[in-house]
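None of the values given here were measured: they were computed from a predicted structure. Numbered from 1 within each chain, the chains take letters A, B, ... in sequence-line order.
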Amino acid sequence: MNNNDKPSYCQSNHYFDYRIIAQDGNARAGEFCTPHGILQTPVFAPVGTQATVKAITPAHLEELGATLVLSNTYHLFLRPGDELVAKMDGLHEFMQWHKPMLTDSGGFQVFSLANMRKVDEDGVTFKSHIDGSMKRLTPESSIKIQENLGADIIMAFDECSDPNNRVYVEQAMERTHRWAQRCLEAKTREDQALFGIVQGGIFDDLREQSARAISSMGFPGHAIGGLSVGETKAEMYHTLEVVNAILPAEKPRYLMGVGTPEDLIEGVLRGIDIFDCVLPTRLARHNSAMTMSGRLNLMNATFAEDQRPIDEHCTCYTCRTFSRAYLRHLIVAKEMLAATLLSIHNLHTLLQLARDLRQAILEGRLQAFADEAMAQLNIPRTPER
RNA sequence: GGACGGUUACCCAAGUGGACAACGGGGGCUGACUGUAAAUCAGCUGGCUGGCGCCUUCGGAGGUUCGAAUCCUUCACCGUCCA
């Protein structure tokens, strides 16, 4: 992205202003200015944990119209090491992705590496999944690592928890608040936006408390963490309403780790601007195609002689070019191109949905769009309360 | 012509009197996956049934035994060796 693409408010290094261009109910279409370009929201971010979106080249991502890619502190800290990435001129150069990038803080790994971690007030001790050695992350070291990596948006080091265990959720939430403050204090770079993360499980009062605490700290953007980890959809959607009623409307809201087409729709309706999820690329590697009318397991025998594309309405490279029969053949033959072609398709589905949602907001027809899309997905709408 | 060895489910293969509808692998079928310890994981794979269960299977036929994939006889086919 060159300077000519930047709006005036972005050219004077006023990074991380969020400009809301249109609103439709609680939903918004906006622009978030970063050193590597403008994010037009709502936006979906493909996940590239280890400095790569699995099976996908940066050129593919460009063609798909991706504008934000997520990478991970924990993984890059372990391998190849954040200092090496810094020596290689930072993550953008290293992986050759020149648009906005976001790094997660490693907090989620505390949660997902459940039996290999020990949390204390100062930080977390992990057992490396690579070589079994003990490693440590603290709010300060997470920020240091993320500064070495050099993403445009970096995340506060938080503690995710089982959403149903109130005692633990409350403890983890309070610690997340203290760690958020420490992250702010540890931060030194001006060209990175640090987002705070709201926790609190599925408990309204805790979520409200967390949203107030985090939004009082002056972050340029806010994330909602600890969702899509086992709670019901209804609980998740309701939690979004509770939290977004408190998070300031003039700053971007990022729903971490979500998701599915229906979650993007329901999330945008409730005021979410940024999503990320491994689902499209993981499902692709597991032979499942995401479409706006549901999932297709392309390994199924029923597709063996099916000459149609995955989705006749889809404009992605895979659908323009290949039949279901061919994709099934690649899968059955364990050819790695299957993962690439399905990843392209699945990412296209979510990236296009985010663009369509944005367009619907700009044109003031989001409700109708959402109703129609959910009907096509054959999923009942969850009305906002 | 003779001497051994072999023949088990879609394929390979274990089993050598009862716990065997038969280990294991491959293949096949199906399902799961939401800030990636995930190109992973789980289930099914003789027939009928929702299940209990019943029925038919270990090259063919016959036999021994309360009971046979397993022991005996014989036939067929495959392999190696000797004539």
Using Watson-Crick or G-U wobble geometry with both distances under 3.5 Å, which nucleotide pairs with [N]?
N: G27(B); result: U45(B)
N: U56(B); result: none
N: A9(B); result: none
N: C71(B); result: G63(B)
N: A19(B); result: none
N: U80(B); result: A3(B)
N: U34(B); result: none

Side-chain donor/acceptor contact of Thr281(A) with base of U36(B) under 3.5 Å: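 Result: at least one qualifying N/O pair found.
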
Hey, does the side-chain of Asn72(A) have a donor or acceptor N/O within less than 3.5 Å of a partner on the base of G35(B)?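 Absent.
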
Report the hydrophobic cluster partners of Ile21(A), with the cluster defined as I, L, V, M, F, W, Y residues connected by side-chain heavy atoms closer than 4.5 angstrom, directly or transitively. Leu362(A)

Rounded off to whole Å, could you give me the [atom1]-to-[atom2] distance for the [X] and [N] pair?
X: Phe44(A); N: G35(B); atom1: CZ; atom2: C1'; value: 11 Å
X: Met101(A); N: G35(B); atom1: CE; atom2: P; value: 19 Å
X: Arg295(A); N: A32(B); atom1: CZ; atom2: C1'; value: 9 Å
X: Asp131(A); N: A37(B); atom1: CG; atom2: C1'; value: 12 Å
X: Phe303(A); N: U30(B); atom1: CZ; atom2: P; value: 9 Å
X: Arg282(A); N: A32(B); atom1: CZ; atom2: C1'; value: 11 Å
X: Gln50(A); N: A38(B); atom1: CD; atom2: C1'; value: 11 Å
X: Asp263(A); N: C33(B); atom1: CG; atom2: C1'; value: 13 Å

Given [options], identify the nucleotide with an atom nearest to the side chain of [X].
X: Asn300(A); options: A37(B), G35(B), U30(B); value: U30(B)
X: Lys54(A); options: G28(B), A37(B), U36(B); value: U36(B)
X: His75(A); options: C33(B), U36(B), U30(B); value: U36(B)
X: Cys160(A); options: G28(B), U34(B), G35(B); value: G35(B)

At under 4.0 Å between heavy atoms, what does [X] touch on the DNA or RNA strands: base, sugar-phosphate, or nothing?
X: Glu335(A); answer: nothing
X: Met116(A); answer: base
X: Lys233(A); answer: base
X: Gly226(A); answer: base
X: Ser288(A); answer: base
X: Leu255(A); answer: nothing
X: Asp104(A); answer: base
X: Val332(A); answer: sugar-phosphate

Using the salt bridge (charged side-chain N to carboxylate O under 4.0 Å, His left out) rule, collect all pairs that involve [range], keeping only residues at least two apart or in two chains.
range: residues 357-366 of chain A; result: Glu363(A)-Arg365(A)
range: residues 203-221 of chain A; result: Arg166(A)-Asp205(A)
range: residues 238-250 of chain A; result: Glu241(A)-Arg270(A)

For [N] versus [M], give the span between their [atom1] atoms, rounded off to a whole number of Å.
N: G50(B); M: U56(B); atom1: C1'; answer: 22 Å
N: C71(B); M: U16(B); atom1: P; answer: 9 Å
N: C23(B); M: U45(B); atom1: C1'; answer: 16 Å
N: C54(B); M: G2(B); atom1: P; answer: 47 Å
N: U64(B); M: U80(B); atom1: C1'; answer: 32 Å
N: C55(B); M: A22(B); atom1: P; answer: 15 Å
N: U30(B); M: U34(B); atom1: C1'; answer: 22 Å
N: A76(B); M: G59(B); atom1: C1'; answer: 8 Å

Around atom NZ of Lys187(A), are there more than 12 heavy atoms of other residues, nucleotides or ligands at under 6.0 Å? yes

Heavy atoms from other residues, nucleotides or ligands near CD of Gln307(A) exceed 12 (cutoff 6.0 Å): no

Can you check each nucleotide of nucleotides 40-46 of chain B against protein heavy atoms at under 4.0 Å and return B for base, S for sugar-phosphate only, - for none, in 5' to 3' order? B------

Residue closer to the 5' end of RNA chain B, Asn297(A) versus Val278(A) (nearest nucleotide):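 Upstream on the strand: Asn297(A).
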
Given RNA chain B, 5'-ward residue of the pair Ala339(A) and Leu70(A), judged by closest heavy atom: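 Mapping each residue to its closest nucleotide by heavy atoms, the 5'-most match is Leu70(A).
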
Run the salt bridge (charged side-chain N to carboxylate O under 4.0 Å, His left out) test against Arg28(A) and tell me which residues pass, sequence neighbours left out. Asp273(A)

Taking only side-chain N and O atoms of [X], does any of them lie within less than 4.0 angstrom of OP1 or OP2 on [N]?
X: Ser228(A); N: U34(B); answer: no
X: Gln109(A); N: G35(B); answer: no
X: Ser112(A); N: A37(B); answer: yes

Given Asp152(A) and Lys99(A), is the salt bridge (Lys or Arg N to Asp or Glu O under 4.0 Å) satisfied, shown in steps? CA-CA 9 Å; Asp152(A) 302 272; Lys99(A) 289 187 174 179; over 6 Å; no

Quick one: sort the [X] and [Y] rings into parallel, tilted or perpendicular, breaks at 30° and 60°.
X: Tyr254(A); Y: Phe195(A); value: perpendicular
X: Tyr74(A); Y: Phe126(A); value: tilted
X: His329(A); Y: Tyr326(A); value: tilted

